[in-house]
Amino acid sequence: MKTKQTIYFLLIIGGALIMATGNRLMRKEYALSLGIVLLMFGIYKSSQSWGKSGDNKNTEE
């Protein structure tokens with residue numbers, strides 16, 4: 001379970017780095033597009049995993 005959270009965190013960091021420095025590697029528009037996709041995917045998946053862990057705690061009580 002911790003491995004998935006680490007991968008999502010790396011997606012968030014990678015997306016931010018691509019957005020910040022991607023214009024050196026590729027065209028600025030492509031870097032921003034790819035960066036925002038990775039960033040949003042990482043945020044979405046990490047928020048989904050937070051919601052699932054909160055549901056389990058409420059059902060146990």
Side-chain angles (χ1 to χ4, degrees):
M1 197 90 152
K2 297 266 183 182
T3 306
K4 288 183 180 181
Q5 292 174 353
T6 305
I7 292 171
Y8 300 150
F9 180 72
L10 290 175
L11 282 173
I12 294 169
I13 296 298
L17 287 174
I18 288 174
M19 288 176 62
T21 61
N23 56 354
R24 297 180 187 156
L25 302 173
M26 62 184 89
R27 293 183 65 176
K28 185 176 181 179
E29 295 83 12
Y30 295 138
L32 289 175
S33 298
L34 181 62
I36 197 76
V37 166
L38 290 175
L39 184 69
M40 294 306 289
F41 183 73
I43 291 171
Y44 172 73
K45 293 301 279 184
S46 64
S47 68
Q48 291 294 316
S49 68
W50 291 336
K52 290 179 183 176
S53 64
D55 290 341
N56 291 339
K57 291 179 183 177
N58 290 335
T59 57
E60 291 176 2
E61 293 178 356

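Reckoned from all heavy atoms, side chains included, excluding hydrogens, waters and symmetry mates. The shown structure was predicted, so the numbers you read here are calculated from the model rather than taken from an experiment.
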- [ ] Would you name the heavy atoms of Leu39 and Ile12 that are closest together and state the gap between them?
- [x] CD1-O, 3.4 Å

Task: Shortest non-hydrogen contact between Ala31 and Asn23, atoms and distance - done: CB-N, 4.0 Å

- [ ] Return each pair, listed once, that meets salt bridge (Lys or Arg N to Asp or Glu O under 4.0 Å) where at least one residue sits in residues 28-41; pairs must be two or more places apart or across chains.
- [x] Arg27-Glu29

Task: salt bridge (Lys or Arg N to Asp or Glu O under 4.0 Å): pairs with one or both residues in residues 11-23, sequence neighbours excluded - done: none

Task: Shared hydrophobic cluster, Leu10 / Ile36 (ILVMFWY, side-chain heavy atoms < 4.5 Å) - done: no

TODO: Give a yes or no answer on whether the side chain of Ser47 reaches the backbone of Tyr44 with a donor-acceptor pair at less than 3.5 Å.
DONE: yes

Open item on the list: Can you list, by chain and residue number, the hydrophobic cluster partners of Phe9 when the side-chain cut-off is 4.5 Å?
Closed with: Ile13, Leu17

Open item on the list: Could you measure the distance from the CE atom of Met40 to the CG atom of Leu11? Nearest 0.5 Å is fine.
Closed with: 13.0 Å

Open item on the list: Can you tell me how far apart CG (Leu34) and CE (Met26) are? Round to the nearest 0.5 Å.
Closed with: 5.5 Å

